[in-house]
Protein chains: 2
Amino acid sequence: MTLSLDDFDLKLLMEVQRDAHIPQNELGERVNLSTAAVNRRLRRMSDAGVIRNYAAIVAPEKVGYPLTIIATVEVESEQIDLLDSMKRTFAQCPEIQQCYYVAGEWDFVLILTVRNMEEYTALTRQLFFSNNNVKRFKTLVSMSSVKVGLGVPVAPEGV
Amino acid sequence: MTLSLDDFDLKLLMEVQRDAHIPQNELGERVNLSTAAVNRRLRRMSDAGVIRNYAAIVAPEKVGYPLTIIATVEVESEQIDLLDSMKRTFAQCPEIQQCYYVAGEWDFVLILTVRNMEEYTALTRQLFFSNNNVKRFKTLVSMSSVKVGLGVPVAPEGV
DNA sequence: CATGAAAGAAGCCGTAC
DNA sequence: GTACGGCTTCTTTCATG
């Protein structure tokens with residue numbers, strides 16, 4: 001079920017995706033709605049799962065994780081239980097920020113954040129080399145995070 | 001300059017990365033600190049840029065963006081101004097959630113969120129085909145977002 | 001059924017210790 | 001680091017279009 005969202009909702013989403021600490025009365029001014037209406041709409045979208053959660057976005061390089069790595073993985077077999085097991089392993093690994101199961105030349109794309117190359121090497125051993133279902137993998141080392149976010153382009157019609 | 005963070009800070013980061021709407025008094029209970037201390041530490045980390053911002057995380061599929069695409073791009077020339085121009089273009093494109101400039105077989109890795117394949121096709125035309133500096137690109141279509149987040153593994157020593 | 005105004009509750013944050 | 005108190009922000013109620 002897809003909750004119907006009007007332009008007010010979309011504008012609110014746009015705002016809170018960028019900054020979730022704007023007071024609701026100010027949000028109200030920006031979108032021309034009362035504080036109460038803003039509050040109700042945000043709650044409604046949270047309840048409906050449109051807003052999954054509110055999160056503090058941490059700068060990895062400020063907490064000792066200056067390296068971002070993109071890894072692509074090809075599997076040996078696409079047997080469901082083997083895939084599920086890999087997905088669970090990837091999902092549980094704290095250094096893996098994102099994991100996509102993809103169609104195309106590869107089967108998985110991973111985004112990792114690590115302290116240094118040694119840590120990544122250790123992770124490849126743990127995640128890839130010691131997993132019989134990993135046929136091959138490739139590593140791309142990020143030299144610059146040009147853009148990092150999870151923002152969805154929810155602009156009201158015609159922006 | 002890297003702000004020194006103790007175990008309290010790391011625990012707080014861990015919590016607020018998952019859920020930034022936990023009241024500070026409850027955060028205090030979880031990490032054994034007073035509300036005021038929690039408040040001061042969070043502010044300190046925000047000011048220092050450790051916490052970049054607070055954001056609402058929106059479920060793309062609930063707002064009409066069910067498709068996640070990973071694109072890799074190879075450039076023709078790595079001339080600085082050409083690269084910068086591409087970075088700017090990618091950063092400004094709202095459908096591009098993430099853009100990494102990488103070393104390895106490719107030069108850029110992009111994560112996009114789109115309404116459907118037609119929209120992606122249009123984007124490739126706009127971003128890749130009409131850009132003379134794009135030598136080739138490859139598309140991986142996500143069939144399942146196994147894990148999506150920007151969380152940094154800031155566990156206090158030994159977790 | 002969603003809205004705005006206003007009252008009440010909750011959370012934040014400065015001061016003092 | 002903790003304790004307190006004023007102030008901001010959030011949330012609920014209620015009357016209205």
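To find a chain, count down the sequence lines: A is the first, B the second, and so on, and within it residues start at 1.
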From CD1 of B:Ile22 across to P of C:dC12 the rounded distance in Å is 11 Å
Please report, rounded to the nearest Å, how far the C1' atom of C:dA2 is from the CG atom of A:Leu5.
15 Å
What do the steps show when you test B:Arg30 against B:Glu26 for salt bridge (Lys or Arg N to Asp or Glu O under 4.0 Å), and what is the final call?
CA-CA 6 Å; B:Arg30 294 196 193 177; B:Glu26 196 186 325; 2.6 Å; yes
What residues form a salt bridge (charged side-chain N to carboxylate O under 4.0 Å, His left out) with A:Glu76, not counting sequence neighbours?
none
On DNA chain D, check which nucleotide each of A:Asn25 and B:Leu33 is closest to and give me the residue with the more 5' one.
B:Leu33
Verify side-chain contact (heavy atoms from CB on, under 4.5 Å) between B:Val154 and B:Leu5, making sure each step is shown before the conclusion.
CA-CA 10 Å; B:Val154 287; B:Leu5 303 169; over 6 Å; no
Any donor-acceptor pair under 3.5 Å joining the side chain of A:Arg40 to the base of C:dG4?
yes
Of A:Ala36 and A:Pro23, whose nearest nucleotide on DNA chain D comes first from the 5' end?
A:Pro23
How close or far is atom C1' of C:dT3 from atom CG of A:Leu42, stated in whole angstroms?
15 Å
For atom CG of B:Asp7 and atom P of D:dG1, their distance in whole Å
13 Å
Any side-chain N or O of A:Asn39 less than 4.0 Å from the OP1 or OP2 oxygen of D:dT11?
yes
Whole Å only: how far is the CG atom of A:Leu27 from the P atom of D:dT8?
18 Å
Between the base of C:dT3 and the side chain of A:Arg41, is one N or O donor paired with an acceptor at under 3.5 angstrom?
no
What I want to check is whether the side chains of B:Glu119 and B:Tyr65 have a donor and an acceptor closer together than 3.5 Å.
no
Can you tell me how far P of C:dT3 sits from CD of A:Gln24, to the nearest Å?
13 Å
Of all the heavy-atom pairs spanning A:Trp106 and A:Phe137, show the shortest one and how long it is.
CZ3-CA, 4.0 Å
So A:Ala37, base contact, sugar-phosphate only, or nothing? Heavy-atom distance under 4.0 Å.
sugar-phosphate
Students often get this wrong, so: under 4.0 angstrom with heavy atoms, is B:Thr35 touching a base, only sugar-phosphate, or nothing?
nothing
Please report, rounded to the nearest Å, how far the P atom of C:dG4 is from the CD atom of A:Glu29.
13 Å
What integer distance in Å separates B:Arg43:CZ from C:dC12:P?
12 Å
